[in-house]
Amino acid sequence: RKSPDPSRHNRGRKAARTVRHIGEALDSLRAQTCEDWECVVVDDGSTDHTAEVVGRFAAADRRIRYVRQPNAGPNAARNAGVEATRAPFLQFLDADDVIGPSKLARQLDLFDRHPEAAIVYGEVRYFRGDNPLVNALDPRWVDLPPLRFVSGSGEAVLATLLIDNV
């Protein structure tokens, strides 16, 4: 959670040298059933056509903003996205990731029903191939063990999520 603001959700984005899939990632965001979100795309010094691709999305959708910075690495890019957002909730979405259409709505519902919660997370599925949107619907997911369930509050839960990369 971040401090309250009228906009309900943010998508932190890193975009260094990832133009190949960023359109699919933004399409999956724009397909959300929850329409009240903000997307801050942080271009971490890319040398490809990221600015042009994201610029087209931003021109078509006022919820998408583009921020460019000299290459400083993924942590600095995420921090820049956090600083640039006005939204109270954060959801990081890397350029080669896609999300299901009800992800934001379902997670915001959890926050509404559990105001004591500071973090919510869901399942991850891994796919192979060049088109994540096609592969996301393909039943041939890469079989990996599910993430373990973490519940509780405070620093212990945060440490488990960060250290175990849950």
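Values reported hereafter were calculated over all heavy atoms of this structure, with side chains retained and with hydrogens, waters and symmetry mates removed.
For the atom pair I99 CD1 and R106 CZ, the distance stands at 12.0 Å (nearest 0.5 Å). With rounding to the nearest 0.5 angstrom, the CD1 atom of I64 is 5.0 Å from the CG atom of L26. Atom-to-atom distance recorded for L108:CG and R113:CZ is 11.5 Å, nearest 0.5 angstrom. Atom CD1 of I22 sits about 9.0 Å away from atom CG of L93, to the nearest 0.5 Å. To the nearest 0.5 Å, atoms OH (Y66) and CD (E52) are separated by 9.5 Å.
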(request) Output, in order, the C-alpha distance, side-chain angles, deciding distance and verdict of side-chain contact (heavy atoms from CB on, under 4.5 Å) for R30 and W37. (result) CA-CA 9 Å; R30 294 180 69 205; W37 51 263; 4.1 Å; yes
(message) Between R78 and D94, does the salt bridge (Lys or Arg N to Asp or Glu O under 4.0 Å) criterion hold? Intermediate values first, please.
(response) CA-CA 10 Å; R78 289 181 187 268; D94 290 339; 2.9 Å; yes
(request) Go through D43 and V54 one step at a time and tell me if the side-chain contact (heavy atoms from CB on, under 4.5 Å) criterion holds. (result) CA-CA 9 Å; D43 182 339; V54 176; over 6 Å; no
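F89 is not listed as a side-chain neighbour of Q107, based on a closest heavy-atom distance of 4.5 Å or more.
The nearest pair of heavy atoms linking D44 to N71 is O-ND2, 3.0 Å. Of all non-hydrogen atoms in C34 and A105, the two that sit nearest each other are CB-N, 3.8 Å. In this structure, Q32 and L104 approach most closely via the heavy-atom pair OE1-N, 3.1 Å. Nearest heavy-atom pair, D96 versus H21, reported as atom, atom and distance to 0.1 Å: CA-CB, 3.9 Å. Counting all heavy atoms, side chain and backbone alike, T33 lies closest to S102 at OG1-CA, 3.7 Å. Across every non-hydrogen atom of P101 and A31, the tightest pair is CB-O, 3.7 Å.
The side chain to side chain donor-acceptor pair (under 3.5 Å) test applied to N79 returns no partner, not counting sequence neighbours. Taking E35 as the reference, nothing meets the side chain to side chain donor-acceptor pair (under 3.5 Å) condition, with sequence neighbours excluded.
Side-chain atoms of R65 come within 3.5 Å of backbone N or O of A84 as a donor-acceptor pair. A donor-acceptor contact shorter than 3.5 Å links the side chain of S28 to the backbone of A25. Using a distance-only test at 3.5 Å, with no hydrogens or angles considered, a donor-acceptor pair links the side chain of R68 to the main chain of S46.
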